[in-house]
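In what follows, chains are A, B, ... by sequence order, proteins preceding strands, each numbered from 1.
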Number of protein chains: 2
Amino acid sequence: MNICSYVYFISLLFSAFAEKGKKMTKENVPSFLHLTAAQARELAKRMPEEETLYELADLYKMFADSTRVRILSALRVQELCVLDLAALLGISQSALSHQLRILKQAKLIKCRREGKIICYSLADEHVESIFRQGLDHVQE
Amino acid sequence: MNICSYVYFISLLFSAFAEKGKKMTKENVPSFLHLTAAQARELAKRMPEEETLYELADLYKMFADSTRVRILSALRVQELCVLDLAALLGISQSALSHQLRILKQAKLIKCRREGKIICYSLADEHVESIFRQGLDHVQE
DNA sequence: ACTATATATGAACATTTGTTCATATGTTTA
DNA sequence: TAAACATATGAACAAATGTTCATATATAGT
């Protein structure tokens, strides 16, 4: 957990005490918070780094658009070139190309050139497992 | 795969043939597409339903915002009431409440009332497993 | 019943995001 | 080397999303 959030949290504790004219002791907390300071520290320690959580959100952002999900879903089956993919999904070449770039930057897909055409495929097994995990949840 | 996309795809095949003054045969395809019609049908069959893919994108949308990821990350550790959570994460009560509603509607978290306060927690094991899956990928 | 506390929500606003359109880049073939 | 083909990309626009501010609802305590 980021030090900023924690500092903010602690400052809230102090100001809450100040408002009520109470003295803050190490393991005591203001009434509007139901966690003790010690519990809050413990909780914060058990959370991943703030930075990691931002990266996690960024990863899931890639799967958070139906066009990208459909692209990944097709590439799960087989490698495809841009025009085939566009025709298959019924979207414009431009829109697809923009999304392919985004997915490529996120390292979820890779591509190789074969003459005039460029073939895209999933980058690795991890992508497949993330996809399947979500699919399991959606399909109950 | 949605019938609409497939119909669109087939229509593209036909128009491509028409433009070139060729006749379209069952298993032949225009040169700008590297898939045969049969391959395209095969591929489409192996993809989940279009509707399922939209639901999948919606599911991942929940994890695609850093505030929501941080909320879920805290609730993984323990049940928390709104004000504790807001203080812990350093966000306003209002912003948090809006996000809690979104997560609740998506059935990723649940809540129970205890007097004045309302305690939130993760809805089920699936949420934890989706979270962990993404975390594994991010942390390499 | 009145006040304080805890949470929820509607509207306005700013930001982000995805698509389209026009055009650029890069590769093959005539 | 010119033309055709396959893909990429910048800019403009529209739509979706998250936060803030003000206020509403609901419960507990006096």
Side-chain angles (χ1 to χ4, degrees), chain A residues 12 16 19-20 29-35 54 57-72 75 79-106 109-121, chain B residues 12 16 19-20 29-35 54 57-72 75 79-106 109-121:
Chain A
L12 278 190
E19 278 171 17
K20 308 200 171 195
V29 286
S31 59
F32 85 92
L33 279 172
H34 302 251
L35 282 178
Y54 282 105
D58 284 341
L59 170 64
Y60 282 126
K61 267 191 194 109
M62 294 302 108
F63 293 84
D65 173 75
S66 62
T67 301
R68 285 193 295 270
V69 166
R70 292 171 71 225
I71 292 170
L72 293 173
L75 297 184
E79 185 187 58
L80 284 165
C81 74
V82 178
L83 284 185
D84 282 344
L85 199 44
L88 190 69
L89 302 181
I91 61 182
S92 74
Q93 180 269 316
S94 179
L96 175 59
S97 221
H98 279 294
Q99 296 300 347
L100 288 174
R101 188 166 56 81
I102 291 171
L103 288 169
K104 186 142 175 285
Q105 281 174 347
I109 62 176
K110 59 185 197 292
C111 65
R112 66 184 178 83
R113 168 154 244 142
E114 191 173 331
K116 261 191 295 195
I117 73 172
I118 298 185
C119 296
Y120 282 88
S121 55
Chain B
L12 278 188
E19 278 170 18
K20 306 199 172 195
V29 286
S31 60
F32 85 93
L33 278 172
H34 302 250
L35 281 180
Y54 282 104
D58 283 340
L59 169 64
Y60 282 127
K61 267 190 193 109
M62 293 302 108
F63 293 85
D65 173 76
S66 62
T67 301
R68 284 194 293 271
V69 166
R70 293 170 71 224
I71 292 170
L72 293 172
L75 297 184
E79 186 188 56
L80 283 166
C81 73
V82 178
L83 284 184
D84 282 346
L85 198 44
L88 190 68
L89 301 181
I91 61 182
S92 74
Q93 180 268 316
S94 178
L96 176 59
S97 221
H98 279 294
Q99 296 300 348
L100 288 174
R101 187 166 56 80
I102 291 171
L103 289 169
K104 187 143 173 285
Q105 282 176 348
I109 61 176
K110 58 184 196 294
C111 65
R112 67 181 179 84
R113 169 153 244 142
E114 192 173 330
K116 261 191 298 195
I117 73 172
I118 297 185
C119 295
Y120 281 87
S121 55

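- Separating the CD1 atom in I91(B) from the CG atom in L96(B) is a distance of 4.5 Å, to the nearest 0.5 Å.
- If you take CG on L83(A) and CD1 on I117(A), they are separated by 9.0 Å, rounding to the nearest 0.5 Å.
- The aromatic rings of Y60(A) and Y60(B) sit parallel, their planes meeting at an angle under 30°, below the 60° perpendicular limit.
- Per the geometry, CG belonging to L103(B) stands 14 Å off P belonging to dT9(C), to the nearest Å.
- Taking each heavy atom of V69(A) and F63(A) in turn, the nearest pair found is CG2-O, 3.0 Å.
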Original post:
If you write DNA chain D from 5' to 3' in dot-bracket form, with Watson-Crick or G-U pairs under 3.5 Å, [ ] for crossing pairs and | for pairs with another strand, what do you get?
Top reply: ||||||||||||||||||||||||||||||

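- Residue Y120(A) places none of its side-chain N or O atoms closer than 4.0 Å to OP1 or OP2 of dA6(D).
- Across all non-hydrogen atoms, the minimal contact from R68(B) to L103(B) is CD-CD2, 3.7 Å.
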Short heteroatom pairs, N/O only, protein and nucleotides 19-22 of chain D, under 3.5 Å:
residue: dT19(D); atom: OP1; partner: T67(B); partner atom: OG1; Å: 2.7
residue: dT19(D); atom: OP2; partner: Q99(B); partner atom: NE2; Å: 2.7
residue: dT20(D); atom: OP2; partner: S92(B); partner atom: OG; Å: 3.2
residue: dT20(D); atom: O4; partner: H98(B); partner atom: NE2; Å: 3.2
residue: dC21(D); atom: N4; partner: S94(B); partner atom: OG; Å: 2.6

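- Note that the CZ atom of R101(A) and the SG atom of C111(A) stand 13.0 Å from one another [nearest 0.5 Å].
- The minimum heavy-atom distance linking Y120(B) with L75(B) is given by the pair O-CD2, 3.4 Å.
- Residue D65(B) holds its CG atom at 8.0 Å from CD1 of I71(B), rounded to the nearest 0.5 Å.
- One interatomic measurement links the two molecules: CG of L89(B) to C1' of dG18(D), which rounds to 15 Å at whole-angstrom precision.
- One atom, CD1 of I102(B), and another, P of dG10(C), lie 12 Å apart when rounded to the nearest Å.
- If you measure from atom NE2 of H34(B) to atom P of dT7(D), you get 7 Å, rounded to the nearest angstrom.
- Between L100(A) atom CG and dT9(D) atom C1' the separation is 13 Å, expressed in whole Å.
- Within residues 111-119 of chain B, the residues having any heavy atom under 4.0 Å from DNA chain C are, by residue number, K116(B), I117(B), I118(B).
- Between atom NE2 of residue H98(B) and atom CG of residue L100(B) there is a gap of 10.5 Å, rounded to the nearest 0.5 Å.
- I109(B) contributes atom CD1, which lies 12.0 Å from atom SG of C119(B) (distance to the nearest 0.5 angstrom).
- Straight-line distance from the CZ atom of F63(B) to the P atom of dT17(D): 16 Å, rounded to whole Å.
- The CZ-C1' distance, from R101(A) to dA6(D), rounds to 17 Å in whole Å.
- If you measure from atom NZ of K104(A) to atom C1' of dA8(D), you get 11 Å, rounded to the nearest angstrom.
- Shortest non-hydrogen contact noted between V82(A) and Q93(A) is CG1-CG, 4.3 Å.
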